[in-house]
Amino acid sequence: MRKVLLVRFGEVYLKGLNRPYFLKKLTANVRTAVAPIGGHVWLSDSRIYVSGAEDIEECAQRVRKVFGVHSVSYALELEKDFETIAAACVELTKDLSGTFKVLARRSDKSFPMDSMTMAGELGYRVLTANPNLSVDVHKPQHKLNVEIRDYAYVSVGEIPAVGGMPLGTGGRAALLLSGGIDSPVAGYHVMRRGVVVEAIHFQSPPYTSERAKEKVLELAKILGEYGGGMKVHLVPFTNIQMEIHEKCPDAMGTVLMRRYMMRIAEGIARRIHAQALITGESLGQVASQTMEAIGCTDAVVNMPVFRPLIGMDKLEITEQAVKIGSYETSILPYEDCCTVFTPRHPNTKPRPEMVEDAEKALDTEALVRAAIEATEVIRV
Ligand code: ATP
Ligand code: MG
């Protein structure tokens, strides 16, 4: 007998003919997640198993964060002998009270007892051993899972995992990552759909500090924990901000700055073969996130821009940031480049022709090229 982690996957099931491809990716991603703590991973009969990890609880926490995993359970791996299985069922339920149900599944048809009989018989054993339990087949508080496969696996309860699709099955995108609350959450949502994400951060030294940069790297690291780390492209943005500040009308500052960010991000995205950009914008949240402003920023890019938070309230976004684990870092008080040259009265309804007119004072192509050339890449 040994303790293993039983890993269930959800939506991967739906992928029809591509299923083997998705499962292979998912298994590889689970393997990467538990390799540092010595976990051994295998796929058998539509389940992934992990054994041998030094600390099974940490192992569960790591696997929970692998996109594509629906839930995990601690399971006992046993010989396929009914008495052994029954003893394990009694042992696992001895401290429980309330209602329960046995879910038995026999994948190995050579096992002499069918699922129904097994469920009934095991239920009887558990009831006899523990007077604090009663059976409820419709809404049980506890589910005792028994699966007969290469071995017998017995488990109680499930720990919910992140769900989504295996990372690497959905292409690549570039996330505009600020130090704020929103953009890490936006990145998380797209990663969860199987997309490998690289981060792009605009910094304006000396107006933004080394600690502001550290904070963004930390945020990227937190996101990277959901799969294979993360690359961060650090773009020097001071020069462009100064140019805008000096040569363009003050009220246009915000939308112009955002147009330059998008152009540079697209340039970097094309270099790294990313197919889309991601931002943390939410409609109406600030001056640059009105319909008109978003229209003006979108006008300069020729690839899809994903805004997963577009219809969400700040409160909902904040709750998700807490859940993902990025919130505490996001609220550290270091200045962002956006706050450095913020106009006092930003134009919230910019018109494209006004913006284009204001931009004529700048050598856009040269500014964008120089920023891309000077970008530094760090892997966290
Ligand atoms: P966040 O909480 O993500 O910072 P925000 O509410 O502060 O968002 P803005 O400052 O208008 O909103 O930024 C909108 C989006 O633009 C951000 O979600 C992010 O995707 C991108 N962005 C803003 N500043 C930067 C930056 N310095 N580097 C990279 N991307 C940025
Ligand atoms: Mg911000």
Side-chain angles (χ1 to χ4, degrees), residues 29 32-33 35-36 62 65-67 167-168 170-192 194-241 257-258 260-280 303 305-306 321 324-340 367-380:
N29 292 351
T32 307
R62 283 170 175 261
K65 283 185 159 184
V66 176
F67 293 121
L167 208 66
R172 184 184 300 273
L175 166 68
L176 283 85
L177 181 65
S178 70
I181 295 172
D182 305 333
S183 42
V185 178
Y188 173 88
H189 277 290
V190 178
M191 289 170 75
R192 188 165 181 264
V195 178
V196 172
V197 167
E198 295 191 19
I200 299 175
H201 177 68
F202 297 88
Q203 49 182 2
S204 303
Y207 302 100
T208 58
S209 65
E210 192 62 20
R211 291 168 83 183
K213 169 178 152 187
E214 298 294 325
K215 170 182 170 180
V216 169
L217 293 179
E218 179 60 26
L219 286 172
K221 193 166 151 232
I222 292 166
L223 283 176
E225 280 168 16
Y226 291 89
M230 185 168 281
K231 264 191 198 162
V232 185
H233 303 257
L234 292 165
V235 185
F237 204 49
T238 321
N239 188 27
I240 290 179
Q241 285 191 289
M257 181 186 81
R258 299 210 44 83
Y260 281 89
M261 281 189 179
M262 295 304 254
R263 289 184 175 111
I264 294 164
E266 181 178 2
I268 293 171
R270 295 209 181 274
R271 288 193 173 192
I272 62 173
H273 305 291
Q275 300 143 288
L277 301 179
I278 309 162
T279 77
M303 62 169 50
V305 180
F306 295 150
I324 293 165
S326 56
Y327 180 73
E328 292 298 329
T329 305
S330 284
I331 58 172
L332 293 173
Y334 310 122
E335 65 297 318
D336 184 60
C337 73
C338 298
T339 50
V340 178
L367 287 172
V368 169
R369 197 181 334 116
I372 294 176
E373 292 304 332
T375 294
E376 177 195 359
V377 186
I378 295 181
R379 188 171 185 101
V380 294

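- Interatomic distance, R192 CZ to I324 CD1, rounded to the nearest 0.5 Å: 9.5 Å.
- By the 4.0 Å N-to-carboxylate-O rule, K213 lies close enough to E210 to be salt-bridged with it.
- Classified by interplanar angle (parallel below 30°, tilted 30° to 60°, perpendicular above 60°), the ring pair Y226/F67 is parallel.
- Under the side-chain contact (heavy atoms from CB on, under 4.5 Å) criterion, E198 pairs with R172, K231, H233, I272, sequence neighbours left out.
- The shortest distance between side-chain heavy atoms of I264 and I240 falls below 4.5 Å.
- Judged purely by distance below 3.5 Å, without hydrogens or angles, the side chains of E218 and T329 never pair a donor atom with an acceptor atom.
- For the pair G187 and I278, the tightest heavy-atom approach, listed with the atom from each and the gap, is N-CG2, 4.4 Å.
- With sequence neighbours left out, the salt bridge (charged side-chain N to carboxylate O under 4.0 Å, His left out) criterion links E328 to no other residue.
- Between A220 and V232 the shortest heavy-atom distance is CB-CG2, 3.4 Å.
- Side-chain contact between M262 and T279 is present, with at least one heavy-atom pair separated by less than 4.5 Å.
- Put simply, CZ on F202 and OG1 on T238 are 12.0 Å apart, with the number rounded to the nearest 0.5 Å.
- Put simply, CD1 on I331 and OG on S326 are 10.5 Å apart, with the number rounded to the nearest 0.5 Å.
- A salt bridge links R270 and E266; the closest N-O separation between the charged side-chain nitrogens and carboxylate oxygens is under 4.0 Å.
- Of all the heavy atoms in A199 and L177, the pair that sits closest is CB-CD2, 3.8 Å.
- No side-chain heavy atom of H189 sits less than 4.5 Å from a side-chain heavy atom of F306.
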